[in-house]
Number of protein chains: 2
Amino acid sequence: MSTREKILDTALTLFNDQGTAAVSTNHIAEAAGISPGNLYYHFRNKEEIIRALFQRLFDTWDNGLPFPHDHQPTLADLKTIIETNYQIIWQYRFAYRELVALLRQDTELRKNFLAVRQRGFNGFHELIHTFSDAGIIHLPDDPKAIHELQEIVWLISEFWLTNLEVNGRSVNKGEMQNGVKLMLRVLQPYLV
Amino acid sequence: MSTREKILDTALTLFNDQGTAAVSTNHIAEAAGISPGNLYYHFRNKEEIIRALFQRLFDTWDNGLPFPHDHQPTLADLKTIIETNYQIIWQYRFAYRELVALLRQDTELRKNFLAVRQRGFNGFHELIHTFSDAGIIHLPDDPKAIHELQEIVWLISEFWLTNLEVNGRSVNKGEMQNGVKLMLRVLQPYLV
DNA sequence: ATATTATTAGAGTAAATACTCTAGGAGCAA
DNA sequence: TTGCTCCTAGAGTATTTACTCTAATAATAT
């Protein structure tokens, strides 16, 4: 593994465990088993490390979600997508916990994040319309209502894990399933 | 205003604007127009300031929500409660943004927060059953389903404003109304 | 082999941070 | 007035933080 990757992996672990504020560049270097000078050879500063981690998250978003291409999507596909989604968020949980602060500190990062997020939101929009066309779900006529439902489901997907952490509940497969259940509960009245 | 209150008000403003990590005790003292020594006369450390602010939040929770006592609650009452709720959260938004980090740093605070929150959750539970009894809402038979619906509405109430901030949307009365709409959208299929 | 470039270690530093200490006023009680 | 407690200012400090600099070593190209 390259030194650069080692730094990023170490930083991710520490950020997830202790939060970005509590983790200094010296900590990262020490935990990665390299010198501070070496760290600063690979990254100009802490902000750049955070940016690079977000970039990895963005790449995962854009490539890592298992949208079915070879068949009409089913409800099982939806569940799989949502679960994968949770796993990604859990992997980069520091980012979600501190989202407001991190995006405020770095407007460039904010721009990129919002763009990636918008792509995801659009993809999700298409997905539910696919379900609608396939007759799996019967959406309300009012497009505003549809948009609101989508916002609700999206909100749950982004904050369910944070919610678990706040509650001090351990985050595991089962709890992620509960998150899936909540999202389906919102849609339940519209399932055919 | 007492020096103690002045410190808390100043800290709250700075925390809301810049996050707790970026605000030092020296910053607070300077912004409050007092000396660092004076600040430390009133609070042992930064953690105590945060605790005191949470305590103010707890008091607001326990006393500030406009539950109707003189009449059967209506849907309008529900809306008012939710709106007040949003205003309180907005007033202490630093706490919600950084909840995971703050509660992890201070287990005593975590304990208190979870207790207050549980009280709120129980109150909310009673409220929707009141609505059910009054025939305003027709809940599903499955108690688990009811619990899930409650969890969803609760999640929206706790994270809607954070969600707005992430999106860079300005937080104002109108956007809070949108949050109310989302919560009602979840319940809409069950309204009589 | 030699020159060049890419990595790395580690000592060092200016600034910031949380917090302490001392001395002095302000109000009040006897 | 004298004493006492409460409150306040502000200088001072040990530690930490982000980051720099230099020199040495590894890798690669010619």
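Below, each value reflects all heavy atoms present in this structure, side chains not excepted, and no hydrogens, waters or symmetry copies. Convention: sequence-line order gives letters A, B, ...; per-chain numbering from 1.
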> Between residues 12-23 of chain B and DNA chain D, which residues have a heavy-atom gap below 4.0 Å?
Replying inline: none
>> Test of understanding: with side chain to side chain donor-acceptor pair (under 3.5 Å), list the residues that count as partners of B/Gln188, not counting sequence neighbours.
In response: none
>> Strictly below 4.0 Å: does A/His42 bring a side-chain N or O up to OP1 or OP2 of C/dT8?
In response: yes
>> Is the phosphate of D/dT16 approached by A/Ser24 (side-chain N or O, under 4.0 Å from OP1 or OP2)?
In response: no
>> Among residues at least two apart in sequence or on other chains, which ones pass side-chain contact (heavy atoms from CB on, under 4.5 Å) with B/Leu78?
In response: B/Leu75, B/Ile82, B/Leu127, B/Phe131, B/Leu184
>> Give me each pair satisfying side chain to side chain donor-acceptor pair (under 3.5 Å) with a member in residues 5-18 of chain A, each pair once, sequence neighbours excluded.
In response: A/Glu5-A/Arg56, A/Asp9-A/Arg56
> Residues two or more places apart in sequence or in another chain: which of them pass salt bridge (charged side-chain N to carboxylate O under 4.0 Å, His left out) with A/Glu48?
Replying inline: A/Arg44
> Closest to the B/Ser35 side chain: D/dT17, D/dA9, D/dC6?
Replying inline: D/dA9
Nearest-Å distance, [atom1] ([X]) to [atom2] ([N])?
X	N	atom1	atom2	result
B/Glu30	C/dA16	CD	P	12 Å
A/Arg4	C/dT7	CZ	C1'	15 Å
B/Ile34	C/dA26	CD1	C1'	17 Å
B/Tyr41	C/dT22	OH	C1'	15 Å
B/His27	C/dA15	NE2	C1'	11 Å
B/Leu39	C/dC21	CG	P	16 Å

> Hey, is NZ on B/Lys46 packed in by over 12 heavy atoms from elsewhere, all under 6.0 Å?
Replying inline: yes
> Under 6.0 Å from the NE2 atom of A/His138, do we count more than 12 heavy atoms belonging to anything else shown?
Replying inline: no
>> Strictly by ring pair (Phe, Tyr, Trp, His ring centres under 6.0 Å), give each pair with a member in residues 4-23 of chain B just once, sequence neighbours left out.
In response: B/Phe15-B/Phe94
>> Can you give me the bend angle of the helix from C/dA1-D/dT30 to C/dA30-D/dT1? Use the axis through the first five pairs and the one through the last five, nearest 10 degrees.
In response: 0°
With sequence neighbours left out, which residue pairs that include part of [range] fulfil the salt bridge (Lys or Arg N to Asp or Glu O under 4.0 Å) condition?
range	result
residues 93-103 of chain A	A/Arg97-A/Glu165
residues 123-143 of chain A	none
residues 20-40 of chain B	none
residues 179-192 of chain A	A/Arg185-B/Glu148

> Reading nucleotides 19-28 of chain D 5' to 3', which nucleotides get B (base under 4.0 Å from a protein heavy atom), which S (sugar-phosphate only), which -?
Replying inline: BB--------
